Every structure is written in C-alpha cells, then in structure tokens.
Amino acid sequence: MIGFVLFAPAVVAVLLGGVFGRLQEWRARVLLYAVGAGAGVTLFVVASSAESWRTVTLGPASAIAGAAISCSFVLAAVLDLRTDRWRVPTLVGIAGTSMVLAVSNDWLVPGLLFWTCSTLALAAIGRDAHQRASLWATLFASDALLYAALVGWGLSAERWTMPGTLEGWMFYLALAAIVLRSGVVPYFGVWRMLDSQAVAAIPIVVGGAFALGERFVFGSAPLEAAALIATALVVALWGTIVRNTPFAVMGTWPIALLLGAALASRSAATAASLGAVIAVSLFALWPQASSAAPARGIVLAFVPPGVGFWAVLAAATYSFGRIIEAPDVLEETSWVVVSALLPFAVATAVSVGARVARARGDVSLKPAVVASWGLLAVSFVAGLFPEAILDLDEAAVPDPSRTGLLFGAALVLGAAGGWFARKRTWAGRTPHTGAPRNFRHRGPTLGPRSLLALDWTALTLGIGTVAAAAWITLEGLRSGFL
Amino acid sequence: MSASLVGAAFAARASGLLIALGYLFGLVPGSVVAAVGALALATLGRSFLQTPVEQGFGAAGLALIAGAVGVATLRWGTLELEGLRGAQAVLGATMLVGPTLAAVAAWLGAASGLIGLGLWLEPGRPRDVVHWMWWVLEAVAGGLILGVAFWGPAVLFGGDDIGTVALGLGRWFLVALVGAVLGAAIAFAREHLPAVISWVAVALGAVAIAVAAGLVRSVV
C-alpha cells in the first residue's frame, strides 16, 4: 500500500506522458490529475503512521512532500499551461515521487540519488522559464550545498544512514541550501518559474526545501530564525509601501516568515511547511485568478484559523518558554529578539493581507479562482484540527476540541454573515474605493553577460552535483553500505 | 469594490471578534497570542475596506496592543490567559503588585496598550447604527484584552453560584468599559489631530513597551 502511494505520482506522470497525446476524453484527464493530487493527500494522511517500505520510512517530511505534490497537480490541472499540458504534469509526477523517496529515505546514497532525480526533473520543467539560468543556477547551487553538508556528515560520522538534525558547519550549509531553494532570495530560483509553464512545479520546489528543513535543520535556532523573520518584515514593508512590487519580491514574505517560525520551533514545522506550500500555490494561481484576491489576502495575513497562524503561534509559544527558562543572558536575548519580532510580524501581515486582497489583475479564469478559494478552505480546515493535522503540542493548543469548535462556529457564522452582507454596507463603513496598488507580475530582466555567467555556473554546478551523487554511490557500493 | 471583498470583510471581522471574545471570556483556554491573532483577523476584515493610511494605523495599533500584553506575560511568566487570570486572582492586578519596577513597567505597558487601542479603533465618531455596533464590539474586545493582562480578575465562569458569576461578569464589564472608553477617547481625538501626531504616539508606545519589557526582565 505504501509503495503504491509513494509511486502513484510517478505512475500518473507516465500515464499522462504516455497517453495524453491520444487522450481527448476530458474525464480521463480529470481522473489522472485527481489520482495525482489524491496520492499527495493520502501521503500527507498516512505519513503519521511512520510505516516503512524498503529504505523509506514515512514521517513529517513525507507529509510535507505529499502536500506539495498535491498542490502541484492541482496547479497543473487548473492553470492554462497552453502547449505544456502533458510535459509539465509528467515531470511534476516524477519530481514529486523522487522528492518523497529522497526526504523519507533512511539511507544517504539512495536519498541523494532520488534528490538528484528530483532536481533534474525540476530543471527540465524549467526549460522554458524566463531567464532559466537563474532557476538552474539556484537549484544546482542549493544541491551542491546540501550534498556538501550530507556527505560531510557521512564521512565525518563514518555512517551511511541519513543524519538527524545537523550541527555546526553542516547545519549552516544545509540551511543555506534550504534558503536558496525555498525562494527566500527575491527574483532568483523558484520565482523565475512564475513567468512560464513551469509554474505548476513551484509547490514541489518550495515543499522540498521545507521537507529538507524538517529532517535536518528545523527547531531551536533563534538567531537564524530572527534573521529570517526580520527579512520577511523588510519585504512586507517594501510590499506595503512601494507600488507595483513584483511577485518575485512579495513571494518571499510568507517563505521567510514561515521558515523563521519553523527554525525557531520544531513544533511549528508542519504548519509552517503546509502554510508555505499553500501560499506559493496561491502566488502561482494569482495571474489567472484575479478575482480571488480576498482568498490570497487572508492566507498571506496569517490570521486564524489558517495554518500560517498556527505556525506563528507555535513559534511564539516556544520562544516565550525559552526566554523564561534561558540559562544565560545570551540565549535569553536571542529568544527575546524572536519574541519581539513576532508581534510586528502579526501586525505587518495584516497590512500585507489587506493590500493583496485589494489588488486586481486582468484575468479571472474560473478553475484558477475556484482553486484559490479551495486552497483557503484547505488552510482553514487544517487549522480547525491543529493537534491532529498540524502536529501542534499542548503548549500551543491546550484544548484542541474546544478551540476547533470555537473557530468552526466563528467561521460558519462569519461566512454566513459575509454571504448576506456582500452587497450591503454591513461591513460597517463605506468601502474605500481608491485605486488599489497592484503588484507586478514580471521582475527585472538580467543582462546577457549575467545570464551567460549564470548559465556556466548552472552547468558547472549541475555536472558537479551529478558527479558527486555518482561518486558517493560508488563509494557506498564499494564499502557495502546496505 | 467587489462584492466578494465586502463579504470577506464582514466574515473576517465577525469571525475575528467572535474568536477573540471566546478566548477573552474564558470559554476556550488558550494563549494571548491566539487572542491577538483573532484581533488580527478582525483588523484584516476592516482593512479590506480602508485606505492604506488607515490600514497602517490599524496594524500599528494592533502591534502596540500585542506588545503591551507581552509585558504582562513576561511579568507573570506565562502566555496562557488562564495563567494571567490565575496569577492576578491570587496576587492582585498586574499594575498594583510589586516590586515597584515591575508595577511601573505594567503602567507603562497599559498606557502603551491604550494608545494602541486608540489607534486600532477606527478614528472619529461612528456614523450609523451598523458602524456603532462594530465600533463598540471592537472597543470592548480591545478593552478586555488589556483588562485581562493588566487588571484581570478571576476566571469569569469559574464560580459555583450565580452570585459569583454575576460579580465576575460585572467586574469584567467594568474593566472592559474603562479600557474601551479610554481607547475611544483617543480614537475620537485622532479625527482632529494631524496624522504625524498619531505616528509619534506609535513610536512613543513602542519605546515604552521596550522599556517596560526591560524593566520586567530586570526584576522578575
């Protein structure tokens, strides 16, 4: 059963790739996309069972990967991918299955090999991305850092199993890899996918980064968490003050904030990862779902009961506890910084959410609009069960059943009221009708020399990472690692 | 202005206030972060229909309220609303209990919180019944969260007999009323003041919270 769930995205991909050209019946296509998305959801659900299958053991990282696969298949199904309606979903399925097998693996060599497959599939998806050199260079640079951290650990510990939470220089290499891959750096990497048919793969890239974080770096890193939350605040202030902020800048807001929350507290990891995957999926849908702006605004504001809110709450609760129990002034100060930044983040999130909710575009395709509201619903439903779905501990949610009941009742009453009030002035004031400050789809274009340099960098790093994976495999086989 | 935005504004505002009041009345146990998050949801709903400047004041006011409540949580070493109520039920209100520096910090925090409440509420006098309803509900929720943090009596529905519950209710409404009226006075005054004074108040409130947090950590 587990094997089927793990390989379902790849099987769907093969079916899509193999028969799509002759398949005109839309029901069959919908079925394939539904199976792909359903496999991701199933993986998310069964991940808590911690079952093993060959070298793979399911865990929280598998759940994050499952959520990312599901979102990617939804994007592939609803977005207008024009000529790429078979190539992108096929590669999404292959990249997704490879990612799950990598982040759930107990062994270093197969884990790195599957990760390499995933990256190559993502690079192939990004073939037509606007200025793809930036995407490729970022993906391969991230992989190079990750391989250095993991192989370094394997050689120093003389073990062939996957490490737990990394420490020292290996921690920082892995963190740098995650920061690069997840899209914390504006314009670069994953944000180049926004301009192309590769947009459907964005959740897999970001989800993969968070899944890596769950395995190797998340939890109890206050200074690094503070740096990321501060970065998020700077981006948010930029986005709320400057007109026509590019998506490729604004998108770093949810990623940096949620990565910071997960770095502060391991209990925030699942909520932060799910929140990040949903947020980037909404960014991917944005150009084709103009009228779903309120759904985007609510998700990006990190308000209850959305999953992003629970990530912030878990981080705040944990960092407050560490302040109280800190053994020395240095540690106390670092946790104080995290705790002091989070209220600002909550307030800034409201401004970001309000601005995003009022932004308008030109295109509103029904499937993309429905998917956007659906993602908001998923975020809320997951937030109604913070202990069961998001793995939050008792410190963050003392009474999950009563909390879920209160949130559920408030949502139902609020939504019912909103439905009746939507054409009246019951919202309490005459709406402000000034022109909303919109966001810009495309970021700046790099010059030909920069692109050439990035192309060569990507090529060198790509060959280097594949060679490193091959070398560690041969080394492992020679010493009989299994 | 799209119908979906107006509907979402109502839904977010109503849901946020319901959740906040649920936490603040003690119907659901939880941390002050959850209550502040609920106020953020209400703020978001209101912000959908506001100008960018009004949105900015709402967010800044919310940050000041959150920071002020944070001072009280540092004072008692707990984020839980039950913990705050319980500590004050036994030892006395945060603003009245020594050491002196901790009490001074509590007064600074409460003052910053009231400034925050005044900035968080919509400026000026409400224009119609619906506007008044939202305004009063938000003022009460804001007053309650400051009351729980700085002048919090025992758990509201913790009594065995109706008299205890009625007394608890009365004290809570009094606390909320005082907080709401003071915040409302600031909000009314803002209509007649230039925006720069409000921003100066935000900066002063932030400095006061930082000083208060430092004082609390130095003595507790």
Side-chain angles (χ1 to χ4, degrees), chain A residues 240 291 293-295 297-298 301-305 309 312-313 316-317 320 323-324 332 336 339-340 343-344 346-351 353-355 357-358 396-399 402-403 405-407 409-411 413-415 417-419 421-434 437, chain B residues 1-16 18-19 22-23 27-31 33-34 36-38 40-41 43-52 54-56 58-63 66-67 70 73-74 77 79-80 82 122 127 130-131 133-135 210 213 217:
Chain A
T240 49
S291 64
I298 292 169
F302 299 118
V303 287
F309 163 74
V312 173
L313 184 141
T317 308
F320 184 83
I323 292 173
I324 301 299
E332 181 185 334
V336 162
S339 295
F344 285 109
V346 169
T348 310
V350 171
S351 284
R355 196 186 155 191
R358 292 175 59 82
V397 198
D399 191 336
R402 280 164 71 184
T403 303
L405 206 61
L406 172 69
F407 281 25
L411 274 185
L413 289 173
W419 179 259
R422 69 193 197 285
K423 290 191 176 166
R424 300 178 178 87
T425 56
W426 290 0
R429 56 171 290 128
T430 307
H432 164 62
T433 53
R437 294 181 296 184
Chain B
M1 181 64 56
S2 72
S4 66
L5 191 60
V6 175
F10 182 100
R13 207 170 180 184
S15 303
L18 279 170
I19 295 169
Y23 276 115
L27 296 174
V28 173
S31 71
V33 184
V36 169
L41 179 57
T43 314
L44 178 71
R46 202 177 64 197
S47 298
F48 283 171
L49 311 176
Q50 288 181 314
T51 63
E54 287 173 354
Q55 289 170 8
L62 182 69
T73 61
L74 276 176
L79 274 180
E80 297 302 308
E82 275 68 26
E122 287 189 88
R127 291 177 296 276
V130 174
H131 199 181
M133 180 197 74
W134 285 114
W135 207 87
R217 286 310 291 166

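As the structure is a computational prediction, the values presented were derived from the model and not from experiment. By convention in this document, chain letters (A, B, ...) are assigned in the order of the sequence lines, proteins followed by strands, and residues within each chain are numbered from 1.
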First locate atom CG of A:L411, then atom CG of B:L18, and finally report the distance between them rounded to the nearest 0.5 Å. 10.0 Å
Minimum-distance pair of heavy atoms, taken over all atoms of B:A14 and A:G414: CB-CA, 4.3 Å
Region of A:S291 that comes under 4.5 Å of a non-hydrogen atom in chain B: backbone
Quick one: do B:L44 and A:I298 satisfy side-chain contact (heavy atoms from CB on, under 4.5 Å)? Show the steps, please. CA-CA 8 Å; B:L44 178 71; A:I298 292 169; 4.0 Å; yes
What's the shortest heavy-atom distance between B:F48 and A:A357, and which atoms? CE2-CB, 3.3 Å
Select, from B:A60, B:G67, B:A40, B:A66, the one with the greatest count of heavy-atom pairs under 4.5 Å involving chain A. B:A40
Kindly compute the distance separating CG (B:L41) from CZ (A:F407), expressed to the nearest 0.5 Å. 9.0 Å
Verify, without hydrogens or angle tests, whether B:S15 (side chain) and A:A410 (backbone) share a donor-acceptor contact under 3.5 angstrom. yes
Nearest-0.5 Å distance, OG1 of residue A:T240 to CD of residue B:Q55: 9.0 Å
Can you tell me which portion of B:A12 sits under 4.5 Å from chain A's heavy atoms? Options are side chain, backbone, both or neither. neither
What are the two closest heavy atoms between A:D399 and B:P29, and how far apart are they? CB-CG, 3.4 Å
For B:T43, which atoms come within 4.5 Å of any heavy atom of chain A: side chain, backbone, both, or neither? both
Heavy atoms only: give me the nearest A:F309-B:V33 pair and the separation to one decimal. CE1-O, 4.1 Å
Which heavy atom in B:S31 sits nearest to a heavy atom in A:L313, and how many Å separate them? OG-CD1, 4.1 Å
Highest number of heavy-atom pairs under 4.5 Å with chain B among A:P304, A:A301, A:P343 belongs to A:P304
Contact winner vs chain A - B:G58, B:G37, B:A63, B:G16, heavy-atom pairs under 4.5 Å: B:G37
Let's go through A:F344 and B:L62 carefully: what are the C-alpha distance in whole Å and the side-chain angles of both, what is the deciding distance for side-chain contact (heavy atoms from CB on, under 4.5 Å) to 0.1 Å, and is it a yes or a no? CA-CA 9 Å; A:F344 285 109; B:L62 182 69; over 6 Å; no
For residues B:R217 and A:I323, report the shortest heavy-atom separation together with the two atoms involved. NH2-O, 3.5 Å
Distance check, rounded to the nearest 0.5 Å: B:T51 atom OG1 versus A:R358 atom CZ? 8.5 Å
